[in-house]
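No hydrogens, no waters, no symmetry mates; every other heavy atom, side chains included, goes into these values. In this chain, numbering begins with 1 at the start of the sequence shown.
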Amino acid sequence: MKNLIAIVCLSACFAQPPAKPDNPWAPLSFLLGDWTGEGTGQPGQGAGGFSFLPDLEKNVLVRKNRADYPATKDRPAFSHTDLMIVYREPGAVKLRAIYFDSEGHVIHYTVDPSADGNAVQFLSDSSTSNPRYRLTYTKTGADTVGIQFEIAVPAKPDFFTTYIQATAHRK
């Protein structure tokens with residue numbers, strides 16, 4: 001009988017959902033919602049939008065993005081879509097993110113929110129054979145953010161050049 005009680009007690013302990021902070025995405029809260037944006041960079045002048053929304057009972061944060069670029073004399077119009085999932089690995093202090101896009105890129109990021117809660121930097125892992133990427137969102141107003149996407153060549157992984165600079169407004 002004692003063994004049965006012990007098994008029931010252990011089962012009840014393991015069946016409890018893990019404790020979660022009230023808002024696990026507080027450091028990124030300025031990004032939550034639906035956004036429209038426009039920007040310039042190497043792909044050219046573009047416009048589009050993105051969303052940052054909690055999913056899976058607030059266990060992940062999902063960003064969906066679309067940018068549309070008009071035709072130029074050198075290339076036809078095109079669209080770029082991507083998906084990024086921000087998550088916390090069990091026991092880890094830093095947030096991580098994984099990114100997928102319509103061009104076949106897969107990028108692993110470390111996510112570093114600023115102490116004041118007004119910026120967040122996504123920095124890709126360094127590699128000797130692949131470029132390194134840095135994506136920074138900076139709060140510029142109650143419903144506006146600045147966005148900078150930079151690339152560093154493998155030989156100089158800490159020397160970034162701006163690829164895209166944009167602004168976005170919350171819908």
Side-chain angles (χ1 to χ4, degrees), residues 20-89 92-125 131-152 158-171:
K20 295 181 194 173
D22 289 338
N23 184 1
W25 307 113
L28 307 178
S29 62
F30 75 97
L31 287 174
L32 297 181
D34 291 309
W35 299 81
T36 58
E38 58 185 39
T40 60
Q42 292 194 21
Q45 181 73 28
F50 62 92
S51 62
F52 262 103
L53 299 170
D55 206 336
L56 301 177
E57 298 184 23
K58 297 184 180 179
N59 284 296
V60 298
L61 189 62
V62 177
R63 185 193 79 169
K64 292 183 180 179
N65 178 62
R66 178 183 179 96
D68 297 308
Y69 298 93
T72 67
K73 64 181 177 100
D74 299 324
R75 62 160 170 73
F78 71 98
S79 294
H80 169 92
T81 57
D82 61 68
L83 169 74
M84 182 165 52
I85 300 170
V86 182
Y87 61 96
R88 184 181 311 276
E89 292 201 19
V93 175
K94 292 261 186 183
L95 295 171
R96 296 282 296 163
I98 187 165
Y99 165 100
F100 307 92
D101 71 18
S102 54
E103 299 170 39
H105 295 107
V106 176
I107 304 171
H108 297 266
Y109 287 108
T110 297
V111 182
D112 191 17
S114 65
D116 65 5
N118 290 321
V120 62
Q121 182 180 92
F122 294 80
L123 183 62
S124 73
D125 300 339
R132 192 168 192 202
Y133 303 99
R134 182 167 61 191
L135 173 63
T136 306
Y137 290 90
T138 305
K139 182 177 179 179
T140 57
D143 291 314
T144 58
V145 292
I147 305 163
Q148 186 165 348
F149 181 66
E150 303 165 281
I151 301 174
D158 295 319
F159 183 74
F160 291 91
T161 57
T162 300
Y163 185 71
I164 295 173
Q165 197 147 13
T167 58
H169 307 274
R170 194 183 322 267
K171 289 184 185 178

Any chance you could lay out the side chain to side chain contact (heavy atoms under 4.5 Å, CB included) test for V106 and H108, step after step, and finish with the verdict?
-> CA-CA 7 Å; V106 176; H108 297 266; 4.1 Å; yes

To the nearest 0.5 Å, atom OG1 of T161 lies from atom CD1 of I151 at 6.5 Å

Those residues at least two apart in sequence (or on a different chain) that pass side chain to side chain donor-acceptor pair (under 3.5 Å) with K171 are none

Sorted by chain and number, sequence neighbours left out, side chain to side chain donor-acceptor pair (under 3.5 Å) with R170 holds for D143

- Looking at side-chain heavy atoms only, is the closest gap between I98 and I107 below 4.5 Å? no

Do L123 and F160 make a side-chain contact, defined as non-hydrogen atoms from C-beta onward lying under 4.5 Å apart? yes

Heavy-atom closest pair (P54 atom, L61 atom, distance to 0.1 Å) is N-CD1, 3.5 Å

Is there a donor-acceptor pair closer than 3.5 Å between any side-chain N or O of S51 and the backbone N or O of L53?
-> no

Show me the donor-acceptor pairs, under 3.5 Å and distance only, between side chains in residues 25-37 and residues at least two apart or in other chains.
residue: W25; atom: NE1; partner: K58; partner atom: O; Å: 3.0
residue: S29; atom: OG; partner: A26; partner atom: O; Å: 3.0
residue: W35; atom: NE1; partner: L31; partner atom: O; Å: 2.9

Taking the side chain as every heavy atom from C-beta outward, state whether Q148 and T162 have any atom pair closer than 4.5 Å.
-> yes

Criterion side chain to side chain contact (heavy atoms under 4.5 Å, CB included) on V62 and L83, from CA distance to verdict
CA-CA 7 Å; V62 177; L83 169 74; 3.5 Å; yes

What one should report as the nearest heavy-atom pair of G49 and N65 is O-OD1, 3.4 Å

* Quick one: does V60's side chain get under 4.5 Å of R88's, heavy atoms only? -> no

So the salt bridge (charged side-chain N to carboxylate O under 4.0 Å, His left out) pairs with at least one residue in residues 96-109 (sequence neighbours excluded) are R96-D125

Q. Do Y133 and Y109 pass the ring pair (Phe, Tyr, Trp, His ring centres under 6.0 Å) test, and can you show the C-alpha distance, the side-chain angles, and the key distance before you say yes or no?
A. CA-CA 8 Å; Y133 303 99; Y109 287 108; 7.3 Å; no

With ring centroids as reference points, do F50 and Y137 lie under 6.0 angstrom apart?
yes

Sequence neighbours excluded, the answer for side chain to side chain donor-acceptor pair (under 3.5 Å) partners of D68 is R66, S79

Q | Minimum side-chain heavy-atom gap F122-V86 below 4.5 Å | A | yes

Q.
Is there a side-chain contact between T110 and Q121 in this structure, where contact means two heavy atoms from C-beta onward sitting under 4.5 Å apart?
A. no

Could you walk me through whether V120 and V111 pass the side chain to side chain contact (heavy atoms under 4.5 Å, CB included) test, one step at a time?
CA-CA 7 Å; V120 62; V111 182; 3.6 Å; yes

Any chance you could lay out the side chain to side chain contact (heavy atoms under 4.5 Å, CB included) test for K139 and T144, step after step, and finish with the verdict?
CA-CA 6 Å; K139 182 177 179 179; T144 58; over 6 Å; no

>> Quick one, K64 and F52 - any side-chain contact, counting heavy atoms below 4.5 Å?
In response: no

Applying side chain to side chain donor-acceptor pair (under 3.5 Å) to R134 and not counting sequence neighbours gives E150

**Prompt:** Tell me, do D82 and Y99 make a side-chain contact under 4.5 Å, heavy atoms counted?
**Reply:** yes

Q: Please check if the side chain of S102 supplies one atom and the backbone of T81 the other of a donor-acceptor pair under 3.5 Å.
A: yes

*asked:* I'd like to know if the side chain of S114 pairs up with that of D116 as donor and acceptor (distance under 3.5 Å, no hydrogens or angles considered).
replied: yes

